[in-house]
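For clarity, every value in this text was computed on a predicted model and none was experimentally measured. The analysis underlying the following values was restricted to heavy atoms, covering all of them including side chains, and did not include hydrogens, waters or symmetry mates. Note that the numbering runs from 1 along the sequence shown for the chain.
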Amino acid sequence: IKPEHIEHLSIILTHEAKRIGAITIRGPLDLEKGSAQLEVGMVGIDRRVLNLAGSRMKLDFHSTVFNSDNQLNLTEFGKMVQVTGTIRSKPFQVSCGRVQLPPFEELHANYQAQIDLVGRRADISRFQLVARQNGQKLMEGKVVKPMVLSWAEEDIEAPDSTMKITLTDIDAADWQPWLGRFVQEGRANLSVDVVSKKAGHQIDFVLSGDGDGLKVPLPEHEIAVGKLVFKSEGRLTDYKTLSVDSLTTRLGPEVDPVLS
């Protein structure tokens, strides 16, 4: 490490004499101006490190192993941060408390953002997430219009931004912990359209989906209800208040639904 350049800095993370990840840093820096252009890599970050970050939300990352490459531009002694990077995990598995998401064979994300720590805002110009299972794309998320998120108390002016998340041909059996006893068999598609307003202080959403071949278990037998169509609209205000404006559902054939 030199005053004007980090040629190579490697931080090895261990637990009980076993390696649980590594962080590498290199690049030029200016200590007088408080600026730096750094390449930051994370290699083999496993659940023991990830669980520390997710412990407050009761997240457990199981067999997940993260690898990440990032370009960080720091100015004003770290008050302004620009980051461009990728995250890869193979496999990816996470649970929240006792509820577990289906494991993904592979997860990949790429992103570009600017974070103003003094202004307490983040400008996300690019974010794309793809998850695969059994060799097929199962989940995809993408910022369609650049997104501004603010955690400042005062309102700031920012254009509306849009994000879309889709899940394609999911197996109801894999999502049983989330569906509970209501559906135990069938396949479904899910789409979430998110519009961020007022720099994230109001997040409108439209949740829609459809399913087929669905079976609902009853105490002594099960009912084959066939097709499911649903749509819900609502909003999240100030990151804490969730309201649902509408919810429409049809279970079974359109001409003779089991539930509508």
Keeping [X] on the side-chain end and [Y] on the backbone end, is there a donor-acceptor pair under 3.5 Å?
{"X": "S196", "Y": "G200", "answer": "yes"}
{"X": "D238", "Y": "K240", "answer": "no"}
{"X": "D60", "Y": "S95", "answer": "no"}
{"X": "N51", "Y": "F61", "answer": "yes"}
{"X": "Q112", "Y": "T84", "answer": "no"}
{"X": "S89", "Y": "V65", "answer": "yes"}

Without hydrogens or angle criteria, can the side chains of [X] and [Y] be said to hold a donor-acceptor pair below 3.5 Å?
{"X": "S68", "Y": "N70", "answer": "yes"}
{"X": "R26", "Y": "T24", "answer": "no"}
{"X": "Q133", "Y": "E105", "answer": "no"}
{"X": "Q202", "Y": "D204", "answer": "yes"}
{"X": "T166", "Y": "E140", "answer": "no"}
{"X": "S191", "Y": "K164", "answer": "yes"}

**Item:** Pair D116 + K79: basic N to acidic O under 4.0 Å
**Value:**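 No, no charged N to carboxylate O under 4.0 Å.
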**Message:** I'd like to know if D160 pairs up with K198 as an ion pair, taking the criterion as any Lys NZ or Arg NE/NH1/NH2 lying under 4.0 Å from an Asp or Glu carboxylate oxygen.
**Reply:**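 Between K198 and D160 there is no salt bridge, as every charged N stays at least 4.0 Å from the carboxylate O atoms.
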**Asked** Do I87 and V130 belong together in a cluster built from hydrophobic side chains that touch within less than 4.5 Å?
**Response**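 Shared cluster, no.
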